[in-house]
Enquirer: 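Quick one: the structure is below, and I'll ask about it shortly.
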Amino acid sequence: MKYLSKNIEDTLVKKDAVVLFFLGQAGFCIKTSSDQMIVIDAYLSDAAERLFGFRRMIPAIIDPKELEADLFLSTHSHIDHLDLDIIPIIAKHAPTFFVGAPDCREYYEEMGLKQNRFAIIDEGESFEKSGVKITGVYADHGELAPKAIGLLVEIDGIKIYHVGDTCYRPEEIKESLKSEVDIMIAPINGQYGNMTALEACQLSEVVKPKILIPSHYWMFLEHVSKGGVGDPATFLEHSSKLSKGTKPLVMAPGEKFEYIKEK
């Protein structure tokens, strides 16, 4: 745990670049050239097992006490995207500001977050703070989370699209996104209202990001069953057929990736 937090702290980000750290499941930490830390959908507790019996297969790779985020984002209120056990810990870091989908509001309020510490955005709505712009993008997570959204995060001209949880809806997503994308992060578990690895690659052919990163794998047995669904090796097999403009990237938990914007 200390290794990752020290690695994040020691990482210096160049101008016109960002560095991503994979936190496991759908969680990512983004560090900017202005030394801001943006965390998306971090799941770092055992809340899913405590509440639903979903036991984590890999340990949390960073202590939430060490995750001093400037922005803490959640695509929807499911426990592996809005980790209720770590929000009170994260909130002890006074500068942290929370941004979430509409279904996150009641949880923010229940945990005692004041109105000046969080913002709610829906599809098509944007929020901007300290030069970082966050826009809600269409997602269809079914009845499991009808208010779920994807997030387009813009940092110094670099656009990162975190798909969140959604089934395959290419036309609706393209219409909602209305933007070129540098990095796209997409679920591949193919269950509980999410895309398969093949569908993530098919959506990538519509969105056309420079980098395609799979997520939502290895955390729960329920996400890796049924004939290889949720397997990053299957993703790599499908992604080998992507257009030349898109590079697939499978990240190990704790791994970092530097992206430099093309001039």
Enquirer: Is any side-chain N of the basic residue among Arg50 and Asp46 closer than 4.0 Å to the acidic one's carboxylate O?
Expert: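 Salt bridge flag = no for Asp46 with Arg50.
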Enquirer: Is there a donor-acceptor pair under 3.5 Å between the side chain of Asp83 and the backbone N or O of Ser45?
Expert: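 Side chain of Asp83 to backbone of Ser45: a pair is present.
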Enquirer: What verdict does the side chain to side chain donor-acceptor pair (under 3.5 Å) test give for Thr166 and Asp140, after you've listed the backbone C-alpha separation in whole Å, the side-chain angles of each residue and the deciding distance to 0.1 Å?
Expert: CA-CA 5 Å; Thr166 184; Asp140 179 3; 5.9 Å; no
Enquirer: If you round to the nearest 0.5 Å, how far is CD of Glu49 from CZ of Phe220?
Expert: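 Nearest 0.5 Å value for the CZ-CD distance: 9.5 Å.
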Enquirer: Backbone N or O of Glu237 within a donor-acceptor pair of the Ser240 side chain at under 3.5 Å?
Expert: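 Looks like yes, one N/O pair under 3.5 Å.
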Enquirer: Between Glu125 and Asp122, is there a donor-acceptor pair closer than 3.5 Å when you use the side chain of the first and the backbone of the second?
Expert: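 At least one qualifying donor-acceptor pair exists.
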Enquirer: Are Ile260 and Glu258 packed together at the side-chain level, in the sense that at least one heavy-atom pair is separated by less than 4.5 angstrom?
Expert: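 The answer is yes, as the side chains (C-beta and beyond) meet within the 4.5 Å cut-off.
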Enquirer: What about Ile89 and Leu71, same hydrophobic cluster or not, with Ile/Leu/Val/Met/Phe/Trp/Tyr joined at side-chain heavy-atom distances under 4.5 Å?
Expert: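 No; tracing contacts between hydrophobic side chains, which count when under 4.5 Å, never links both residues.
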Enquirer: For residues 129-138, dump all side-chain donor-acceptor pairs below 3.5 Å to protein atoms at least two apart in sequence or in another chain.
Expert:
residue : atom : partner : partner atom : Å
Thr135  : OG1  : Ser126  : OG           : 2.7

Enquirer: Under a 3.5 Å cutoff, is there a donor and acceptor pairing between the side chains of Gln36 and Asp70?
Expert: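 No pair is found: no donor N or O on one side chain lies under 3.5 Å from an acceptor on the other.
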Enquirer: Please name the pair of heavy atoms, one in Leu4 and one in Gly254, separated by the smallest distance, quoted to 0.1 Å.
Expert: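 Taking Leu4 first and Gly254 second, the nearest heavy atoms are CD1-O, 3.7 Å.
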Enquirer: Working to the nearest 0.5 Å, report the span between NE2 of His93 and CD of Glu66.
Expert: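 Going from NE2 on His93 over to CD on Glu66, the span is 13.0 Å.
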Enquirer: Could you go through residues 244-253 and list every donor-acceptor pair under 3.5 Å that involves a side-chain atom there, pairing it with any protein atom two or more places apart or in another chain?
Expert:
residue : atom : partner : partner atom : Å
Thr246  : OG1  : Pro209  : O            : 2.6

Enquirer: At their closest point, which heavy atom of Asp103 faces which heavy atom of Glu106, and how far apart are they?
Expert: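 Nearest heavy atoms, Asp103 then Glu106: O-CG, 4.1 Å.
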Enquirer: By the salt bridge (charged side-chain N to carboxylate O under 4.0 Å, His left out) test, which pairs, at least two apart or in different chains, include something from residues 185-214?
Expert: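 Those involving residues 185-214 do not exist here.
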Enquirer: Please check if the side chain of Asp41 supplies one atom and the backbone of Thr75 the other of a donor-acceptor pair under 3.5 Å.
Expert: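 Yes, Asp41 side chain to Thr75 backbone: donor-acceptor pair under 3.5 Å.
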Enquirer: Is there a side chain to side chain donor-acceptor pair (under 3.5 Å) between Asp63 and Ser5? Walk through the geometry before answering.
Expert: CA-CA 8 Å; Asp63 189 326; Ser5 60; over 6 Å; no
Enquirer: Would His216 and His81 count as having a side-chain donor-acceptor pair, cut-off 3.5 Å?
Expert: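 Distance-only check passes for His216 and His81.
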Enquirer: Which heavy atom of Gln202 sits nearest a heavy atom of Tyr168, and at what distance?
Expert: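 Here Gln202 and Tyr168 meet closest at CB-OH, 3.4 Å.
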Enquirer: Less than 4.5 Å apart, any side-chain heavy atom of Leu12 and any of Asp35?
Expert: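 Result no, sub-4.5 Å side-chain heavy-atom pair not found.
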Enquirer: Please determine whether side-chain contact (heavy atoms from CB on, under 4.5 Å) holds for the pair Thr32 and Ile38, giving the CA-CA distance in whole Å, both sets of side-chain angles, and the decisive distance to 0.1 Å.
Expert: CA-CA 8 Å; Thr32 75; Ile38 303 156; 4.0 Å; yes
Enquirer: Nearest 0.5 Å please: distance from the CG atom of Leu82 over to the NE2 atom of His76.
Expert: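 Leu82 atom CG to His76 atom NE2 measures 9.0 Å (nearest 0.5 Å).
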Enquirer: Quick one: CG on Leu242 to CG on Leu236, what's the gap to the nearest 0.5 Å?
Expert: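 It is 10.0 Å, given to the nearest 0.5 Å.
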Enquirer: Once rounded to the nearest 0.5 Å, what's the spacing between atom OG of Ser204 and atom CE of Met195?
Expert: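 Output value for this atom pair is 9.5 Å.
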Enquirer: Could you tell me whether the side chain of Phe72 reaches within less than 4.5 Å of the side chain of Val99, counting heavy atoms only?
Expert: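 Val99 does not reach Phe72 side chain to side chain.
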Enquirer: Kindly say whether the aromatic ring centers of Phe127 and Phe118 come within a distance under 6.0 Å.
Expert: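 Between Phe127 and Phe118, the centre distance exceeds or equals 6.0 Å.
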Enquirer: Counting N and O atoms only, with roles assigned by atom type, does the side chain of Lys174 sit under 3.5 Å from a partner on the main chain of Val207, one being a donor and the other an acceptor?
Expert: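 No, because the side chain of Lys174 does not come within donor-acceptor range (under 3.5 Å) of the backbone of Val207.
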Enquirer: I'd like to know if Asp182 and Lys261 make a salt bridge, using a cut-off of under 4.0 Å between side-chain N and carboxylate O.
Expert: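 Answer for the salt bridge query: yes.
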Enquirer: Determine whether a donor-acceptor pair (N or O, by modelled atom type, separation under 3.5 Å) exists between the side chain of Tyr43 and the backbone of Ala48.
Expert: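 Between the backbone of Ala48 and the side chain of Tyr43 there is a qualifying donor-acceptor contact (under 3.5 Å).
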Enquirer: Does a side-chain heavy-atom distance below 4.5 Å link Ser179 with Leu152?
Expert: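 Yes, side chains in contact.
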Enquirer: Between atom NZ of Lys92 and atom CD1 of Ile90, what is the distance when rounded to the nearest 0.5 Å?
Expert: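 CD1 of Ile90 is found 11.0 Å from NZ of Lys92.
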Enquirer: For the backbone of Phe235 and the side chain of Ser239, can you confirm whether one donor and one acceptor N or O come within less than 3.5 Å of each other?
Expert: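 Yes, the answer is positive, given that a donor and an acceptor are paired below the 3.5 Å cut-off.
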Enquirer: For residues Phe28 and Phe21, establish whether the separation of their ring centroids is below 6.0 Å.
Expert: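 Judged by ring-centre distance (under 6.0 Å), Phe28 and Phe21 do not meet the cut-off.
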Enquirer: Applying the side chain to side chain donor-acceptor pair (under 3.5 Å) criterion to Asn189, which one of Asp165, Thr196, Asn194 satisfies it?
Expert: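 One option only clears the test, and that one is Asn194.
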